[in-house]
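Encoded as structure tokens, the structure appears first; notes follow it.
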Amino acid sequence: MKQIYILAVLISSLSYGQIPTNYYDSAEGLTGFALKTKLKSIVSNGHQARSYGQLYDGDGISGSNGYEDTHTDEAVSSGENYENDGTILDMYSENPSGSDPYNYNHGSNNCGNYSLEGDCYNREHLVPQSSFNSASPMKSDIHHVVPSDGRVNGYRGSYPFGNVNTPSWTSLNGSKRGTSAMSGYNGTVFEPIDEFKGDIARAVLYFAVRYEDTIDGYTSFDMFNGTNDEVFYPWAIAVLLDWHTNVDPVDQRERNRNVAAYAFQNNANPFVDHPEYASMIWNPVTDNEAPTAATNLVASNPTGNSVVLNWTAGTDNIAVTSYDVYKDGSITTSSSNTSITVTGLAPNTEYCFTVYSKDGSQNTSPVSNESCMTTLEGNTSSNDLFISEYVEGLSYNKAIEIANFTGSSINLSNYSIARDRNGSGEFNPALPLTGTLESGNVHVIANTQAYQETLDRSNQTSDTDAISFNGNDPVGLFKNGVLIDFFGEIGGADDFKNKTFRRKAAVNEPTTTFNLAGEWDEYETDTVTDLGTHTLSVSVNVLNETNVTLYPNPVQSNELYFNSSPPLNVEIYDITGKLILSKNLKNSSKSIHISDLNTGLYIVKMTSDFGVQVKKLIRQ
């Protein structure tokens, strides 16, 4: 995900390694089995099958430690916290309300033989592997293959999940096996404790989506009815939806696990990210109820070509799935989030924005409040992509950052990077870039064996020649095979070894003329603090100190004074870039009442006919 933060007249963008924000965009507006089939395509595309052994520790997988990342008892930011002792989180032995009956540590106590609970742990297939003949990739799919006590796993066997009427066996944490309490099935079922019923239900629902094309043959599992669309018998889908929706809804621990699972095998469980999908597929209803309007729409953080919008979400009887953003009465874009950066705007121009909430049935809410903002003067755009950061660290810790400040989205398929080995003047085979890069954002390419902190900030990884450069290998950015930007010096001098270089904020264009002192700032070995971000200065006419001053600064009173002959427009921003106060001062005695400003640091932008001045203000 990339997020953009703007401080006064600066633009920044930040990228995190996680499930892409547009991962489910192609499913928007679908319901029923059409939605299920589209989700199958989404979660299959890019899914990398892993070995059975890699589940334990992710051995050989860049950026993943397998179960150590997905199933560890550790603190979460919200929801239920357990012991937080770093042991294996086993849904069949965890006691949410007290001490666990036993624990396992990652890397030890793998089964092996067992006779009692607590002897050892192994891997539990929530959809029994006997139903799919232990075939791959189902056998090692981390979304439904989980660490489990060996004895409890054996007692569960291949029985379906369901509500137990009379238990014949109960585990030490309360999971039980016994006769079915559900109408429509009279056999034996296995019932986990309430705390994990939703986790298990969502794993089984995921399996039904991911393996839609072959699941009609997995009928030895009593929950499956031999179809590709419905998949489940009525009693089975009824209990799964109940566990998913009512008994154990998605929590933060499961969201964290989904992100870690994506890092392991490059796909996600859609029912964790979008719980509403389950009912939309298996219990669709005609929905004529429109969402409520989005509220508290605020336009802020203006630049010369962009404005940031934030709003409070609308509500819906099922779920709000997207928001249509209107600019001056015409639709300009859509977003599934409650914030967006609108780009491609003209400098020094007022724009007014509104937002409409929409649900999966395309019902549309009333309009939100209107929020208007004037873009800044000056030029904040470039004519093409350019290299914004170069990381040549220890070992394989190498990365290249590419920035887009063109004002438009760029399809990266026309771009590539390559290295000139030892500065010989000839470039080795190029690495094509992938994806789409939004204006104001960056694209980070990292070596697959780079440090984890670097990988976490990357958008693309590779172990090819282009991203295997050393300090004496210049790196070029190419567009349609033509060199447009360049870092390094011809001749092979090892001047850039074990260093990070970041493009200066005043540079906004690519160039094939390398100017280290004029265009780059140097940082220590393996510095990646700002990798995934880049700041571009806004070009403006700067006011002289003699044209305008503000006082007192620091200010303790509730009045801030300005000394300026011509009329003055004053804007005060907080440190996140949010506009707090704006006022036009036309009288010869100019002041602003600031009793609403809390103690802290602010940015004051002062604009007159002579230009713009930006100053820090300390509120005491």
Side-chain angles (χ1 to χ4, degrees), residues 17-19 43 47-76 79-96 100-112 114 117-129 134 136-154 156 171 173 175 192-193 195-196 198-200 202-204 206-207 210 250-269 272 452 455-456:
Q18 59 179 6
I19 301 169
V43 302
H47 178 188
Q48 297 179 5
R50 302 304 188 184
S51 73
Y52 202 39
Q54 286 175 315
L55 287 167
Y56 282 127
D57 57 9
D59 182 38
I61 302 174
S62 177
S64 176
N65 297 304
Y67 287 156
E68 295 176 23
D69 294 337
T70 59
H71 290 80
T72 293
D73 187 346
E74 56 189 5
V76 291
E80 188 76 28
N81 272 306
Y82 310 136
E83 289 80 10
N84 187 25
D85 56 8
T87 60
I88 293 173
L89 183 58
D90 170 16
M91 293 185 285
Y92 292 167
S93 64
E94 176 64 43
N95 178 8
D100 295 338
Y102 48 87
N103 292 115
Y104 297 116
N105 293 313
H106 291 287
S108 60
N109 298 111
N110 303 89
C111 295
Y114 55 83
E117 282 192 65
D119 282 349
C120 61
Y121 79 97
N122 55 20
R123 291 153 294 194
E124 153 78 315
H125 294 76
L126 299 175
V127 175
Q129 59 177 324
S134 301
S136 292
M138 295 79 78
K139 180 179 179 178
S140 56
D141 189 327
I142 203 166
H143 287 294
H144 89 107
V145 186
V146 299
S148 161
D149 176 78
R151 186 61 169 167
V152 183
N153 188 357
R156 187 257 158 152
S171 76
N173 88 326
S175 300
I193 61 173
E195 180 73 12
F196 301 112
D199 303 61
I200 289 172
R202 285 179 282 276
V204 177
Y206 158 85
F207 190 96
R210 172 61 182 87
V250 177
D251 58 20
Q252 188 58 47
R253 186 183 303 278
E254 198 171 357
R255 294 186 192 99
N256 295 349
R257 183 190 307 146
N258 203 31
V259 172
Y262 185 91
F264 178 81
Q265 63 183 44
N266 205 42
N267 75 343
N269 184 338
V272 174
Q452 188 59 49
L455 293 172
D456 287 344

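At least one side-chain heavy atom of I193 sits less than 4.5 Å from a side-chain heavy atom of S175. You'll find the side chain of R210 reaches within 4.5 Å of the side chain of P137, heavy atoms only. With a 4.5 Å cut-off on side-chain heavy atoms, S93 and V152 do not count as touching.
N103 and D100 form a side-chain donor-acceptor contact under 3.5 Å, judged by distance and modelled atom types alone. A side-chain donor from one of D149 and Y104 sits under 3.5 Å from a side-chain acceptor of the other. With no hydrogens or angles considered, no side-chain donor-acceptor pair links Q54 and Y67 at under 3.5 Å. Defined by atom type and a distance below 3.5 Å, a donor-acceptor pair is present between the side-chain atoms of N153 and N122.
If you look at H47 and F264, their ring centroids are not closer than 6.0 Å. The ring of Y102 has its center no closer than 6.0 angstrom to the ring center of Y121.
Geometrically, R123 engages Y52 in a cation-pi contact defined by less than 6.0 Å to the ring centre and at most 45° from the axis.
Within the structure, every pair that satisfies the salt bridge (Lys or Arg N to Asp or Glu O under 4.0 Å) test and touches residues 251-266, not counting sequence neighbours, is listed here: D199-R257, R202-E254.
Legend: residues meeting ring-ring contact (aromatic ring centres under 6.0 Å, His included) with H143, ordered by chain and number and at least two apart, are Y206.
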Applying side chain to side chain donor-acceptor pair (under 3.5 Å) to E94 and N173, what does each step give before you reach the verdict? CA-CA 6 Å; E94 176 64 43; N173 88 326; over 6 Å; no
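Looking at N65, D57, T72 one by one, the single match for side-chain hydrogen bond (donor to acceptor under 3.5 Å, both in side chains) with H106 turns out to be T72.
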